[in-house]
Asker: 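The structure under discussion is supplied below as structure tokens; questions concerning it will follow.
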Amino acid sequence: MKKFLAAMVLMVMMTFALPLAANAQTSRGRSYRTRSYSTQTYQRPSFYRRHRNVINMGVATGAGALLGGIIGGRRGAGVGALLGAGGGALYTYKIKPKRRRY
């Protein structure tokens, strides 16, 4: 029963975490002017694109804490959170760094 509950928790977590990690759509928001006297406008970046680093590291930290808590209790949750944060930082800053789009 414990393994079944752990598997269900992980599947629910992945159901919500994967769409946040995927950058499948662009924002269809308002156009914002760069300056009041300029006629140039630009489209505001999506929420994910603006907060990419924080979202990726938060999801990785939460996943690590959840897995660590399931495996090793309270102390495991702390260790899992640290490992998850390290893995999220590695992924965000080294493996898939931001690319500027001009």
Side-chain angles (χ1 to χ4, degrees):
M1 185 69 177
K2 195 173 187 181
K3 287 183 182 180
F4 176 73
L5 286 175
M8 292 305 293
V9 167
L10 288 175
M11 285 195 299
V12 168
M13 181 191 69
M14 287 299 178
T15 302
F16 293 108
L18 288 177
L20 290 176
N23 193 7
Q25 288 182 323
T26 59
S27 175
R28 300 279 185 223
R30 298 176 253 161
S31 293
Y32 292 86
R33 292 183 179 260
T34 55
R35 294 185 181 98
S36 61
Y37 57 86
S38 175
T39 59
Q40 295 177 347
T41 59
Y42 68 95
Q43 192 162 356
R44 188 174 183 187
S46 67
F47 182 84
Y48 175 75
R49 193 169 284 180
R50 285 182 283 141
H51 303 288
R52 175 182 175 270
N53 298 345
V54 175
I55 292 172
N56 286 346
M57 291 193 46
V59 168
T61 302
L66 183 68
L67 286 173
I70 291 172
I71 294 170
R74 182 178 293 175
R75 185 170 181 188
V79 171
L82 289 175
L83 291 175
L90 181 70
Y91 175 80
T92 301
Y93 295 116
K94 296 297 179 190
I95 297 174
K96 301 264 300 183
K98 275 188 180 180
R99 292 186 184 90
R100 298 258 183 205
R101 292 171 179 87
Y102 295 102

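Quick note: residue numbers are just sequence positions, from 1. Computed from a predicted structure; not experimentally measured.
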Asker: Between Ala6 and Ile70, what is the shortest heavy-atom contact and its length?
Answerer: CB-CG2, 3.9 Å

Asker: Could you name each residue pair satisfying ring-ring contact (aromatic ring centres under 6.0 Å, His included) that touches residues 60-88, not counting sequence neighbours?
Answerer: none

Asker: Of all the heavy-atom pairs spanning Met57 and Thr92, show the shortest one and how long it is.
Answerer: CG-OG1, 4.1 Å

Asker: Is there a donor-acceptor contact under 3.5 Å linking the side chains of Asn56 and Tyr93?
Answerer: no

Asker: Same hydrophobic cluster for Val59 and Phe47, using side-chain heavy-atom links shorter than 4.5 Å among ILVMFWY?
Answerer: yes

Asker: Excluding sequence neighbours, so at least two apart, what forms side-chain contact (heavy atoms from CB on, under 4.5 Å) with Ile71?
Answerer: none

Asker: Let me confirm one number: the CD1-CZ distance from Ile55 to Arg49, rounded to the nearest 0.5 Å.
Answerer: 12.5 Å

Asker: Can you tell me how far the OG atom of Ser46 sits from the NE2 atom of His51, to the nearest 0.5 Å?
Answerer: 9.5 Å

Asker: Search all heavy atoms of Ala60 against all heavy atoms of Gly84 and return the closest pair with its distance.
Answerer: CB-O, 3.2 Å

